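The sequence lines fix the lettering, A, B, ..., with proteins before strands; numbering per chain opens at 1. Keep in mind that this is a model prediction, so the values were computed, not measured. Both backbone and side-chain heavy atoms feed into the values below; hydrogens, waters and symmetry mates do not.
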Amino acid sequence: MLDEPYRWVEAIRNRREYLEDQLKSASPVVACGYENGLLLLTTTPGQRKLFEIYNQVAFAAIGHPADIEKLRKAIIDIAHVEAFNFSARDVSLQRLVNFGLGPLMKTAFDEIFRSPYIARVLVAELDPRESRETFYTIDADGSFGNTAGAAVLGGTAQSADAALARQRKEVADSSGGDLADIPLEQALQQAMECWAVARLTAAAGEENGEIDAGRIKACIQEMGGGGQRVEAAVLDRSLPKKTKFRLLSAEELETALAPYHP
Amino acid sequence: MDREHPNISGSGDFLSLLREQGHLPQPTPLRSAGAPAVEITEGTTILALRFRDGVMVAGDRRATMGNTVVYDRADKVLSIDDCSIMALSGSPANAYEIARMLEISFQHYRRSQLQEMSLDGKLRTLSRLIRENLPMALQGIGAVVPIYATYEEPRADTYARPVGGTGEGAGKIYFYDVLGAQFESVDFCTTGSGSPIIRGALYYLDRWGSLPLAKMTREESLELILKMLETAAEFDTATGGYKPISRIFPQIMSITASGITNVPEIELELLYQAHLPGGSPEGNSEGKGE
């Protein structure tokens, strides 16, 4: 099969379609900055989806749970070996993605006789001193990119773009362009609405309906009824520990997301 | 990562990961017994005491090589995670490496397995690391004998109590021999070249003193530690004393229910002035007129 170039291209195309199909119904993950660091938000039927990788690095993924675990283990191993061989300050997201996760997922994607990682990954890094956050997203084919201020993992590329555009607009409207100044509660609400935009866009598929406040609120309420719960975590610069990662408690989420309850 | 054989057995084991990737130092082959060819930096007094609220761990600051003082501000008491402290006596190079591996092993385990390593697991990891170091120790160039102190909240579902202890506080002290055997100390533990000097004094005070060590308040415990370190410094050249003129203080950390705190130098200075006027025997001449 590989000796015929056309077949190879066709095989890759099939893989892409297969991956799109597997990932399209996943619950989106939204990441954005707030006054003390950065916030990650998604929904889940039960198992955890937001993880700590290193002191200042967090990880989220959509896709097959076993593949997500493999990728999570891979990046944790790389980060800790780096910390051991060099120092804690040498663990950088750019290196973890460029030389770690990116090539790993690309290799798996290229081996067309085996299954690729059925996953899209979002990793975020906090600068412990300065108000600066870095976000990377890595697609199942290993292509990665970083975005400033916010990042979204969506079931489809289109839905992620729509949510990211909305997040940018919200932030610009609410804080005059300063990305880092929103309190946590407000950041949670914005992230929740972005999540709904990504969800609605992915569900709509090709037809591009207008997404208004009413549909967003309905989408968030529907999620609660559908046995899903919100999961959110922060990398908080103000935590007096080496580790800046913290999962938000049910009470914190309850208070912040009260406006969306029926 | 080998995609064919995902590594389940080594999951969460940072040491295996390092060995797999070739980052773990290879045990050096044994030479025939005899005097080590290189002089090794060592010598210390470290001690750990249980007190009312937890555990105090302290160490002097001197590093020696034979008769030479190499360094007077060595840190021999290191925090490993949010509730454990390791104090080092022996060869600092190996001891720091072991402390580093231990710290990263615990972090790696917690993050990859999504749960804290149990106390038994942590103690076992340290034991393995000391065993790895055995060839070096046998050659006489790198023995490490740490004290490991931790605070474990008494849990409702167990009757776990510190051995022989009063049940007040849940501080625990462990020490190791060169081969990696682990022992739990009841109320105090001291190792290093200065330890034989103060061990008897500690036993005497614990048994016949006005108050058992484990019932002392923080201040009483600190005062006792400073006096013990001064005693060790008086008789052991490898243990450094308090030097007011160069502002060198022993290093003391406490672990209590609220976590690890480093006793600040300013507090130690006040304690010295209040309870040990005149400073240390060797600090005396330099410190006159302070």
Heavy-atom nearest pair, B:Met101 first then A:Phe84, reads CG-CE1, 3.2 Å

Contact residues of residues 39-56 of chain A (partner chain B; heavy-atom separation under 4.5 angstrom): A:Arg48, A:Phe51, A:Glu52, A:Ile53, A:Tyr54, A:Asn55

Give the C-alpha distance, both sets of side-chain angles, the deciding distance and a yes or no for side-chain contact (heavy atoms from CB on, under 4.5 Å) between B:Asp81 and A:Lys242. CA-CA 10 Å; B:Asp81 59 20; A:Lys242 284 181 192 161; over 6 Å; no

Roughly how far, to the nearest 0.5 Å, is the OG atom of B:Ser112 from the NE2 atom of A:His80? 7.5 Å

More than 12 heavy atoms of other residues, nucleotides or ligands under 6.0 Å from CZ of B:Arg218: yes or no? yes

Walk me through it: do A:Asp77 and B:His108 pass the test side-chain contact (heavy atoms from CB on, under 4.5 Å)? CA-CA 8 Å; A:Asp77 285 356; B:His108 180 265; 2.7 Å; yes

Distance-only, no hydrogens or angles: does the B:Arg111 side chain make a donor-acceptor pair with backbone N or O of A:Ile76 under 3.5 Å? no

Structural part of B:Leu18 lying under 4.5 Å from a heavy atom of chain A: side chain

